[in-house]
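Quick caveat, the model's predicted, so the values are computed rather than measured.
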Amino acid sequence: MKKNWDVIVIGGGHAGIEAALASARIGADTLLLTQNLDHIGQMSCNPCIGGIAKGHVVREIDALGGEMGQNADATSIQFRMLNSSRGRAVWSPRCQSDKILYQRRMKHVVERTPNLSVHMAEGMRFIPDAARTRVAALETIYGDILEAKAFVICSGTFLRGLMHFGPRQLSGGRQGDPASDALSKSLSDDLGLELMRLKTGTPCRILARSIDFAPFERQDGEEGKFSFFATDKDFVSIDRGSVPQMACWIGHTSDATKKVIEDNLHLSPMYNGTIKAIGTRYCPSIEDKVSRFADKSTHQVFLEPEGAYTEEYYLNGVSTSLPIDVQVAIVKSIPGLEKAEISRYAYAVEYDVISPHQTDNRLGLKAWPNLFTAGQINGTSGYEEAGGQGLVAGANAALHVAGKKPLTLTRDSSYIGVMVDDLVTKDITEPYRLFTSRAEYRLLLRQDNADRRLCALAAEAGLLSGAKLNAFREKEHLIIEETARLRATRHHGKTLWETLGGNEATYASVVGDSHLPQEIRDACEADAHYEPYIKKELALVADQKRLEDWVMPLDFDYSAIPSLGREAITKLNRYRPSTLGSAARIDGVNPADIALLQVHLKRGKG
């Protein structure tokens, strides 16, 4: 095989796919290196895409030319818009996908993308250049030395991955796939990077024929999709004529479930000290729920189909690392699952991550500017968070090679920007998960306007195809035309735009029938409703941008400012923010510290 590339992406999960596609679409000669070509795009946990805030990210990936939304639409077996009874700012699309078709289609997309090659091998060791200013090459398990101008690590849970089934521990990044111990050692030994340990988990899978659905509440889907663009018909997709949407089901654990867990809590690796890593607070195991919410006798359980062509159901809400005999007792204690057949046991997995204070907002390593990281290696959780980071890291690797300015997503431009900024300015002590509450500009960052926020930026970076860019421009042209018409047309002493801005007004009630596409009408309705609030948010954005204009030298001597707090000095030295705005968002740096930094910068004493 060829031994010299522009960009090498390590890992074929959701981060690695978007990274490799973004790099190749920009024009870099890109290699995707993965342990198993048949596991590209594998949905290791829930075969679900989207959800609260995560659905926003999928639409942002789509607007930036990425693949996750298109792939989810093509393989969806159920779609729902969450929070649709509330304001548009928190509406979040979510779908169940057929896990095998999702993986199969994504592999096909990768294989057919120009400028992108795939190769099956494990990366073992990074080789720095003689000056130790950049990573020069990667050695594989076969002894190949692969040189590249930039690298992107998307290792998921594989770096020293260790799975826990009660007292039984198995090495692996996920069930059925080996861990990557050598690469983790190289990151610390060869590159001198600081690593930390995190933990995640997954529940049992059970067979449909063994489920009594009577005690469960049926949850049907609705019409909808993620992508702003027409789905590419060159690849496999669900045939809606023969595969209708599938139902999910909601049930509850029982008092018996609680007793089983309480009686066996000492056997849980999370509670007996076997697992030292920190798990995610927002996706707790069932033993965590029982322990932390001792006053509750039951907890919700969601039965979610894994595909149109499998009998397996995902038991959402019952993630655990308890021994397998205890897992069986837990499952059979849930009403409706008394006769359940477990096809796959639940487990927890510990893995290494690079402490993200070493990363900048390009998702590049500060010490190694041509080495980029995305996904769980940065301390995050979730397919969507991984995909968003992968797109940014892959694009920036290609732009770095081309000598062009990086793709920088800000907090006011996207949820991906919120996530990246949080990673490089906050203390990440547990797997990071996105929520709408993390974004201070939620009205600007609605899921329905992701294309209007990001398509032009994607086109500038070279990420968006001509067909997609033309589709976006046509849509934007129609919105501008219709907005102008509504502002100019008066009715009963008000313009139609003013009337549409009323809280109870809808486009249909104000305008009546229209030949315009529904998405144009929805966009005008949302813009009119939120206009006064968006103006306020834009004013806040402008205030924040003033701080972003203050550049902080990377070698700034914070200890030279006598009145700066000790905690502020420690945090600023650790994170080395690039701007005063970034410094202001670091935990432990207060407004008084920022004022002192401003005075010092004005005096030219950086």
Side-chain angles (χ1 to χ4, degrees), residues 1 3 5 7-17 19-20 23 30-37 39-40 42 44 117-129 132 134-163 170-200 277 349-356 358-359 363-380 386 389-390 393-394 397 431:
M1 68 172 294
K3 301 298 175 68
W5 304 84
V7 176
I8 293 177
V9 177
I10 302 154
H14 305 279
I17 287 167
S23 174
T30 306
L31 173 67
L32 175 61
L33 193 73
T34 180
Q35 287 185 357
N36 192 330
L37 288 177
H39 292 175
I40 288 175
Q42 182 160 327
S44 308
S117 298
V118 295
H119 183 65
M120 185 164 154
E122 181 183 349
M124 302 291 284
R125 180 172 68 94
F126 284 111
I127 303 171
D129 67 352
R132 292 189 63 82
R134 58 184 294 276
V135 176
L138 173 72
E139 183 180 0
T140 76
I141 194 170
Y142 303 115
D144 285 327
I145 305 296
L146 305 178
E147 297 180 356
K149 297 169 185 173
F151 298 83
V152 187
I153 313 174
C154 306
S155 50
T157 59
F158 282 69
L159 294 181
R160 288 202 307 130
L162 185 65
M163 299 178 292
L170 301 174
S171 175
R174 63 179 164 228
Q175 203 167 15
D177 285 307
S180 183
D181 294 343
L183 194 65
S184 186
K185 187 174 187 298
S186 180
L187 290 172
S188 58
D189 292 0
D190 297 322
L191 302 187
L193 294 170
E194 178 186 330
L195 305 182
M196 57 188 287
R197 201 89 169 134
L198 292 179
K199 168 261 175 188
T200 189
V349 58
E350 290 181 279
Y351 53 95
D352 285 347
V353 306
I354 295 175
S355 297
Q358 300 163 103
T359 308
L363 292 181
L365 274 297
K366 295 173 185 175
W368 303 96
N370 72 327
L371 181 60
F372 298 80
T373 54
Q376 284 171 291
I377 192 171
N378 286 336
T380 61
Q389 291 171 71

Candidate pair R197 and K199, rule side-chain contact (heavy atoms from CB on, under 4.5 Å), full reasoning: CA-CA 7 Å; R197 201 89 169 134; K199 168 261 175 188; over 6 Å; no
Residue pair [X] / [Y], side-chain heavy-atom distance below 4.5 Å:
X	Y	answer
P128	W368	yes
M1	T140	no
F126	L183	yes
L195	I354	yes
T30	W5	no
L159	Q376	no
T200	P431	no
L187	D352	no

Is a side-chain N or O of [X] found less than 3.5 angstrom from the main chain of [Y], in a donor-acceptor match?
X	Y	result
Q389	G375	yes
H14	Q42	yes
N370	K149	yes
D129	A136	no

Member of L37, L33, T34, I8 meeting the side-chain contact (heavy atoms from CB on, under 4.5 Å) criterion with H119: L33
So for atom NZ, which belongs to K185, do other residues, nucleotides or ligands contribute more than 12 heavy atoms lying within a distance under 6.0 Å? no
Assess whether side-chain contact (heavy atoms from CB on, under 4.5 Å) is satisfied between L371 and L191, documenting all intermediate values. CA-CA 10 Å; L371 181 60; L191 302 187; 3.6 Å; yes
So, D177 and Q35: side-chain donor and acceptor under 3.5 Å apart, yes or no? no
For D190, all residues meeting side chain to side chain contact (heavy atoms under 4.5 Å, CB included), sequence neighbours excluded: R125, S186
Minimal heavy-atom distance between A397 and A150, with the atoms involved, is O-CB, 3.9 Å
